[in-house]
Enquirer: 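Quick one: this structure, given as structure tokens, is what I'll be asking you about.
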Amino acid sequence: MINSSEFLDFLREKGFSFATGVPCSYFSRMIDEFENLKAISYIPATREDEAVGIASGIAFGGARAFVIMQNSGYATIGDALTSLAQLYKLPMLLIVSWRGLEPDRDFPEHSLMGEVTEDTLVGYHVPYWEMKEEDWQETIELALTEMDETSRPVALLVKQGVL
Amino acid sequence: MTMYGFEIIQELASVLSGDEIIVSSNGNISRQVYHFLPKPQIYLRGSMGLPVPVGLGMAMARPGKQILTLVGDGNLLMGLGSLTTTSFIRPSNLKILILDNNAYATTGSQMTSSGILEYPSLLDGFGIPNIVPILQDDPIELIKEKLQLWIDASELCVLPALVDSNPPTLTNIPWHPEQITEFQKNISS
Ligand SMILES: Cc1ncc(C[n+]2csc(CCOP(=O)(O)OP(=O)(O)O)c2C)c(N)n1
């Protein structure tokens, strides 16, 4: 499991001073860690599209935000991506949990979304990487290079037990 | 007497100091802000429901600027939850003007359900400081007074305006959204 405080410190060093989103149980340790790390302001949003809106405003203002969401939440942000963040070229890092896989067999509410998560990322032209414990820093570097080069949202997919 | 939303936007010109950044909601409101107020501003084209969150993010990233968010009732209702987030964060440099024409004017003036809202108690319930709404038959001096109070507020503040719907026909905003973002990069903090 990636150490939450190391993870947030790393993103802070990469220039992220804001975070927003809606929780997933996969991210509970990370969200608790915001309490200790005052250098990143966390804005609890009521919906994931609202969070993309907030991150867009932050990007318009020249700062950087990452957005935390469950893949069920990713399913609700299509218009916020296509008619705002992607259209206006507003960079942001989406950290998306990948529920609905084998460990979630008792959670049928996630099954279909788990199956189509990659298809919807591809469908909406969002470059994405699966983040694994072994090489998470390199993966984030790759994602942020793409984010900076294209000035658009990119995503990290996170399976259970990684964060 | 009638007071149209675009007339409120025109009135805004006289209270702006020039140091504000406006975030305007999609459709007619963005077009009117483009045509009647100083440029450049952040003209949203899509992202219906998100002008309040965009204004909130902008206010946090640019604490030295006054951020004015102009939102139609259709947009407000689609993103109503963002009022909670805004109240929770409470940026003192964020001001929200609700232009409630009780309609989705941009798509052909179909009615919205906003007519049942009672703004002062709604906003009080959200814990958001607010000014007595602008009403259709307010004399122009009173409207200017309310706009001035709103823009001068030292904390987060919402001004609802109940207006008539009869938008003028205006040409589309000629700038590509990417240009709108570029212009913001050149505005000093
Ligand atoms: C998600 C989404 N649904 C529907 C539309 C179509 N649409 C564009 S503008 C608009 C009305 C906006 O209403 P309001 O905020 O009250 O502003 P007004 O048009 O009255 O000035 C609608 C429904 C859209 N752009 N996006």
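Each chain gets a letter, A, B and so on, in the order the sequences are listed, and its residues count up from 1. Only heavy atoms go into these numbers, but all of them, side chains included; no hydrogens, no water, no symmetry mates.
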Enquirer: Roughly how far, to the nearest 0.5 Å, is CD of E182(B) from OG of S151(A)?
Expert: 8.0 Å
Enquirer: S47(B) pairs by side-chain contact (heavy atoms from CB on, under 4.5 Å) with which of L87(A), D49(A), L84(A)?
Expert: L84(A)
Enquirer: Flag the one option from S82(B), G49(B), G79(B) with the top tally of heavy-atom pairs under 4.5 Å to chain A.
Expert: S82(B)
Enquirer: Would you compute the distance between atom CG of L80(B) and atom CZ of R47(A) and round it to the nearest 0.5 angstrom?
Expert: 11.5 Å
Enquirer: Does anything in residues 135-145 of chain B get under 4.5 Å of chain A by heavy atoms, and if so which residues?
Expert: none
Enquirer: What's the shortest heavy-atom distance between G81(B) and E50(A), and which atoms?
Expert: C-OE1, 3.8 Å
Enquirer: Ignoring hydrogens, what is the shortest heavy-atom contact between F60(A) and M58(B)? Give both atom names and the distance.
Expert: CB-SD, 3.7 Å
Enquirer: Return the CG to CD distance between L90(A) and E178(B), rounded to the nearest 0.5 Å.
Expert: 10.0 Å
Enquirer: Looking at E35(A), I'd like to know if its CD atom is crowded, meaning that more than 12 non-hydrogen atoms belonging to other residues, nucleotides or ligands lie closer than 6.0 Å.
Expert: no
Enquirer: Counting only non-hydrogen atoms closer than 4.5 Å, does Y43(B) touch chain A with its backbone (N, CA, C, O), its side chain (CB onward), both, or neither?
Expert: backbone
Enquirer: Could you state the interatomic distance from OG (S83(A)) to CG (N26(B)), rounded to the nearest 0.5 Å?
Expert: 8.0 Å
Enquirer: Rounded at 0.5 Å granularity, tell me how far CG in L56(B) sits from OG in S56(A).
Expert: 12.0 Å
Enquirer: Say whether W129(A) and F16(A) are linked into one hydrophobic cluster, either directly or through other cluster members, by side-chain heavy-atom distances under 4.5 angstrom.
Expert: yes
Enquirer: Are L163(A) and L144(A) in one and the same hydrophobic cluster, where Ile, Leu, Val, Met, Phe, Trp and Tyr link if side-chain heavy atoms are under 4.5 Å apart?
Expert: yes
Enquirer: Can you sort out the partners of Y26(A) under ring pair (Phe, Tyr, Trp, His ring centres under 6.0 Å), two or more places apart, ordered by chain and number?
Expert: none
Enquirer: Counting only heavy atoms not in F183(B) (residues, nucleotides, ligands), do more than 12 fall under 6.0 Å from its CZ?
Expert: yes
Enquirer: Does I43(A) reach the side chain of T85(B), with side-chain heavy atoms less than 4.5 Å apart?
Expert: yes
Enquirer: Under 4.5 Å, heavy atom to heavy atom, which residues of residues 33-40 of chain B contact chain A?
Expert: none
Enquirer: Establish whether V22(A) and L8(A) are linked, either directly or via other cluster members, by ILVMFWY side-chain heavy-atom contacts under 4.5 Å.
Expert: no
Enquirer: Taking all atoms of both residues into account, what is the closest heavy-atom pair of A61(B) and G61(A), and its distance?
Expert: CB-CA, 3.9 Å
Enquirer: Give the cluster check for I128(B) versus L77(B): same hydrophobic cluster or not, with ILVMFWY residues linked at side-chain heavy-atom distances below 4.5 Å.
Expert: yes
Enquirer: Same cluster or not: F27(A) versus Y128(A), using hydrophobic residues (I, L, V, M, F, W, Y) connected whenever any side-chain heavy atoms lie under 4.5 Å apart?
Expert: no
Enquirer: Give the other cluster members for M48(B), using side-chain heavy-atom distances under 4.5 Å between Ile, Leu, Val, Met, Phe, Trp and Tyr residues; answer none if it is isolated.
Expert: M78(B), Y104(B)
Enquirer: Atom CZ in R45(B), atom OH in Y88(A): separation rounded to 0.5 Å?
Expert: 6.5 Å
Enquirer: Please check if the number of heavy atoms outside F126(B) that lie under 6.0 Å from its CZ is greater than 12.
Expert: yes
Enquirer: Among P51(B), G55(B), P53(B), which residue forms the greatest number of heavy-atom pairs with chain A at distances under 4.5 Å?
Expert: P53(B)
Enquirer: Which one of I21(B), V23(B), L44(B) has the most heavy-atom pairs closer than 4.5 Å to chain A?
Expert: L44(B)
